[in-house]
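A quick write-up on the structure given underneath.
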2 protein chains.
Amino acid sequence: MSSRSYVRLSASLLSDPSVAALAETFKVLGDTTRVRILDVLSRTELCVQDLAGVLGLTPSAVSHQLRLLRTSRLVRTRRDGRQIFYALDDDHIVGLFRQGLEHVQEL
Amino acid sequence: MSSRSYVRLSASLLSDPSVAALAETFKVLGDTTRVRILDVLSRTELCVQDLAGVLGLTPSAVSHQLRLLRTSRLVRTRRDGRQIFYALDDDHIVGLFRQGLEHVQEL
DNA sequence: TGCACATATGAGCAGTCGCTCATATGTGCG
DNA sequence: CGCACATATGAGCGACTGCTCATATGTGCA
């Protein structure tokens with residue numbers, strides 16, 4: 001392949017910011033704890049201590065992970081008294097899970 | 001939430017192996033170098049040195065990443081003489097990228 | 001066969017990750 | 001207000017990641 005072709009191919013690739021944002025999103029999804037959290041939240045809204053209860057983790061560990069998920073706009077929060085309820089922020093995550101599972105299941 | 005409800009919710013969640021496989025797949029996608037490699041391969045089949053040329057990386061670095069992608073069944077190989085050509089192994093990756101970009105673009 | 005090229009692999013190092021533990025912030029209620 | 005509860009945050013530790021550099025494996029050709 002000529003270096004001239006490198007240039008032509010490069011011009012059609014994803015931009016650096018897109019690549020970074022995409023990788024960042026997948027990185028957040030690439031951890032069993034966060035997958036489990038998102039799986040739970042795809043079924044019901046839940047507060048931190050209940051998430052911890054369901055998943056068998058400390059509230060602190062869950063809170064740390066939720067911060068990441070919040071920063072990535074994967075979950076949103078709603079305060080009700082002392083508790084803060086978490087829910088999925090958009091439907092793309094469910095789509096990503098479904099598509100990811102399809103890939104996984106054909107191994 | 002009662003501990004009885006924990007049990008009910010838990011029963012409907014993804015199995016541990018599914019969670020592990022899903023997280024593993026996303027983890028592989030969660031790196032800019034691998035995203036760039038897959039982006040290139042979504043447009044054309046390419047051998048290691050040309051991938052390195054396009055991406056401005058050493059052939060060794062590319063080869064290390066390709067091994068991961070191979071193990072995860074995200075790319076497949078075809079030998080032609082001394083060169084080994086890499087291509088996407090299935091269409092789900094393109095779908096995952098598209099879905100991921102949709103999420104990213106609404107930030 | 002022997003040499004050059006293409007790719008793969010292993011060791012090792014700097015940077016990152018996910019947890020725990022301690023502590024801070026924020027809210028409701030007496 | 002003052003205390004208990006719910007959540008968030010920071011430091012720090014062991015485990016892991018992605019690269020480089022050196023080396024091994026595999027292929028084509030004289």
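Chain letters run A, B, ... following the sequence lines, proteins first and then strands; every chain starts at 1.
One can place CG of A:L55 at 15 Å from P of C:dG18, the figure rounded to the nearest angstrom. Distance A:Q83 CD to C:dT27 P: 14 Å, rounded to the nearest Å. We find that CD of A:Q49 is positioned 14 Å from C1' of D:dA8, with the value rounded to whole Å. When rounded to the nearest whole Å, the span between CD1 of A:I84 and P of D:dA6 equals 12 Å. Whole-Å rounding puts the B:L69 CG to C:dT9 P distance at 13 Å. The CG-C1' distance, from A:L66 to D:dT9, rounds to 13 Å in whole Å. A:L29 places its CG atom 14 Å from the P atom of C:dC17, with the value rounded to the nearest Å.
A donor atom on one side chain and an acceptor atom on the other are not found under 3.5 Å apart for A:Q99 and B:H92. Remark: the A:S63 side chain and the A:S60 side chain contain no N/O donor-acceptor pair separated by less than 3.5 Å.
Residue contacts shown for B:F85 are absent, as no nucleic acid heavy atom lies under 4.0 Å away.
Side-chain nitrogen and oxygen atoms of A:Y86 include none within less than 4.0 Å of the OP1 or OP2 phosphate oxygen of D:dA6.
Atom CG of residue A:D89 and atom CG of residue A:L38 lie 11.0 Å apart, to the nearest 0.5 angstrom. Taking CG of A:L41 as the start and CZ of A:R76 as the end, the distance is 10.0 Å to the nearest 0.5 Å. A distance of 9.5 Å separates CG in A:D39 from CG in A:L88, rounded to the nearest 0.5 Å.
Contacts of B:R78 classified as side-chain hydrogen bond (donor to acceptor under 3.5 Å, both in side chains), with partners at least two apart in sequence or in another chain: B:E45.
Side-chain atoms of B:R34 never come within 3.5 Å of backbone atoms of B:L29 as a donor-acceptor pair (strictly under, hydrogens ignored).
When the nucleotides D:dG10, D:dA6, C:dG10 are ranked by their closest atom to the side chain of B:R67, C:dG10 comes out on top.
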Open item on the list: Under the criterion side-chain contact (heavy atoms from CB on, under 4.5 Å), I'd like the reasoning laid out for A:F97 against A:V35: C-alpha separation, chi angles, the key distance, then a yes or no.
Closed with: CA-CA 9 Å; A:F97 269 40; A:V35 165; 4.0 Å; yes
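Enclosure of atom CG in B:D91 is not indicated, since only 12 or fewer non-hydrogen atoms of other residues, nucleotides or ligands lie within 6.0 angstrom.
Of the residues in residues 74-82 of chain B, those lying under 4.0 Å from DNA chain D by heavy-atom distance are B:R79, B:G81, B:R82.
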Task: Nucleic acid footprint by protein, nucleotides 14-25 of chain D - heavy-atom cut-off 4.0 Å, B for base, S for sugar-phosphate alone - done: ----SSBBB---
